[in-house]
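See structure below.
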Amino acid sequence: MYGTITGLELAFALIGFLIAWLTGNKASNLVYSGSSDRLRRKMAGLLVWTCASALSALVVLLAIGWIMANQPAVFWEDRLLIHAPLIAVPQLAVWCYSVPKLWRWKRGLLRSQDAPDPKLLADLAAPGTVLPFQAAAAGMGTVFYFLLVAPFPLGPLDVFTPLLVCLLTLAGLWMLHDRRWQRISRSAPPVSRSRRRTFGKLAALCGAAAAAGIAFYAGMWESRLPDRLNMATGPMDFGTGTILSHDESRAVSIAMLTGPRDEIPDRRIELVAEKTTVRLASGKTIDAWTFNGELPGPELRFKHNELVEVTLTNRNIEEGVTIHWHGLDVPNAEDGVAGATQDAVMPGQSHKYRFRAEQVGTFWYHSHQHSAEAVSKGLFGALIVEPADENQDSAPQKDLTVMTHIWDGTGFTIGADEGIRRETVAPGTSVRLRLINTDNWVRQTYNLQGTPFRVSAIDGTELHEPGELRDTELQLTTGGRYDVTFTMPDHPVYLKVGSGRELGLLMSPDGSGEVPAASEPAAVFDPTHYGTRTAIPFGADSAFDREFTMTIDNNLGFYDGKMGMVYTLNGDVFPDTPMFMVREGELVKVKIVNRGSVDHPMHLHGHHALVLSRNGEPADGSPWWTDTLDVQPGESYEIAFRADNPGIWMDHCHNLTHAEIGMSMHLMYEGFTTLYTIGRESDNHPE
Ligand code: C2O
Ligand code: CU
């Protein structure tokens, strides 16, 4: 609903501005009417336009009212303090001052072809009569600007510059009107020097365009990424905690923070990255970036606490490759982020990762170099960590990974399957489906039909006593994972993926069976109150060492020399987004607020955060640990984590196309630094 309301607000701010502008022009042109009759008709027309302008203003004000009634203050402070007065004050002036006068004058006019009374013309031209109409346009125009470029968090420069422009415009108009009024008062009748007026308007327009052009080029130039940038430096945010003395020159390099380097690994894996042509299950071939020639990359399965060594070799991907273990909280130097924890692996080069798989659950891996492009083209795969002591001869088990993606030119797929995938599952088997969404911009939906089920894990962490669900839709944004479990009945069970009928996983005792007719799910799964409480290491009333706020918005802005819609974190895009600074051992709380109009799955590397509340409601079900939290428009979350994994950790939106245009920041531990750099001159482009 918030998204719809803010969309309406934006649309009507634009419509309202255009209408108010035309209305202002009409008000200013009344004096050039020639005859009384013409003037009377023009006045009637103006009143109609004034009503239209007021109506659009009302829609915007109602939208603000709705937001105030339904959302916390962070969503409407600026709207109440800035937008509402900018809209309401000029409208009040129009309706309380200009309209009654016009109405009176109009009633006194005769339907005659004679020129109107010179005294009336002077009154019509008075600045006080015309300016309120133009102020309505200027006010609404400024609101429209503020909606596109929210001055949030409220900063004096961001707020006052547009207000000043608005005031100066009105002051200029006042002066023009005043001059004209004096002329008309002295010497009747007014002449429409339309050539001169057009010329004046053109000159004003050119001036405005030139000013906008200069601002545009300055913004573009200023936003260019530097040639080289060290991610350990930059603006710092200490939250509510003490200021940390972050002395770069004495800091320890994160390159020291490796996994065990001397022990013999339990598992060795080779992953070769290459550009190649791959055939999907449907026979269609696509050009892809692959690990070991497979799409998606090979599924990696480790046992809990195994020491793993993965050798990544880049055969021919000129853009470079890395591997990030999404959701596995590995030591920092193994995290696989180009320019932060390693250099990108260029063609012909190799890199070894070593870490212990310390968490059991569903994860995935992907390149974190040009990640938006790399992941969309195929440099990713599933990563499953199984319990070490899994009892092989207990009840039969079926473990299926459902990784959804869109390949170049395909619709949604499950792995490389474009249609219905069939699995033979004997009745009584305990089934675990591991849902992983890898696609940007998509909140993927999953409906399990034919059996009750449980959501047993979120983002690789088991839930405590998850209750039985049916008729409940699951939704995952990119990067998130749900494990779904159930016991296979003696009839087919269908996992419908997406909204159509043509993609899904059909499980049946003999591998046959029909896809059931689509049914409308009754509810959408919400983890806030799901499962039951169990011991947690900290909670909402713990004493936090540091509290941060992360406010998300979308703005018209610049990133790396280009203009467009950007997604801001605390009002900025990378590298201006401040780093959250912490000291090892601290307990940290982050409040995430999405003021924008689209979903943002926020992903913090190296840590799992406990969700404390969602939209102010305490999360009181099973402890809900997350690494990729979908924050929808209008939502706010409080999450907490222990800063127990030192280093430099990306914290970004996992709509990788958002991260690619600057929706990225990082968590920085006091006393550490990195040797690696990013920027135009470097090979490292993590997003
Ligand atoms: Cu899965 Cu920083 O990403
Ligand atoms: Cu995003």
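These numbers come from the heavy atoms of this one structure, side chains and all, not from hydrogens, waters or symmetry mates. In what follows, residues are counted from 1 in the order of the sequence shown. Start at 1 and go down the list; that is how both ligands and their atoms are numbered.
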Does R228, at its CZ atom, have more than 12 non-hydrogen atoms belonging to other residues, nucleotides or ligands within less than 6.0 Å? yes
Restricting to N, O or S atoms, which atom of H658 is closest to the Cu ion (ligand 2)? ND1
Could you label the plane-to-plane angle of the Y365 and W325 rings as parallel, tilted or perpendicular, counting under 30° as parallel and over 60° as perpendicular? tilted
A quick test of your reading: do over 12 heavy atoms of other residues, nucleotides or ligands sit less than 6.0 Å from CE of M256? no
Kindly give the heavy-atom pair with the smallest separation between T577 and S664, and that separation in Å. OG1-O, 2.8 Å
Angular separation of NE2 (H652) and NE2 (H368) seen from atom 2 (Cu) of ligand 1, to 10°: 110°
ang(SG C653, the Cu ion (ligand 2), ND1 H600) rounded to 10° is 130°
For atom 1 (Cu) of ligand 1, what is the closest N, O or S atom on H326? ND1
To the nearest 10°, what's the angle at atom 1 (Cu) of ligand 1 between atoms NE2 (H654) and NE2 (H366)? 110°
Could you tabulate the donor-acceptor pairs under 3.5 Å formed by side-chain atoms of residues 639-648, not counting sequence neighbours?
residue : atom : partner : partner atom : Å
R642    : NH1  : G585    : O            : 2.9
N645    : ND2  : V330    : O            : 3.1
N645    : ND2  : G606    : O            : 3.1

So, is H324 placed with an N/O/S atom under 2.8 Å from atom 2 (Cu) of ligand 1, counting both backbone and side chain? no
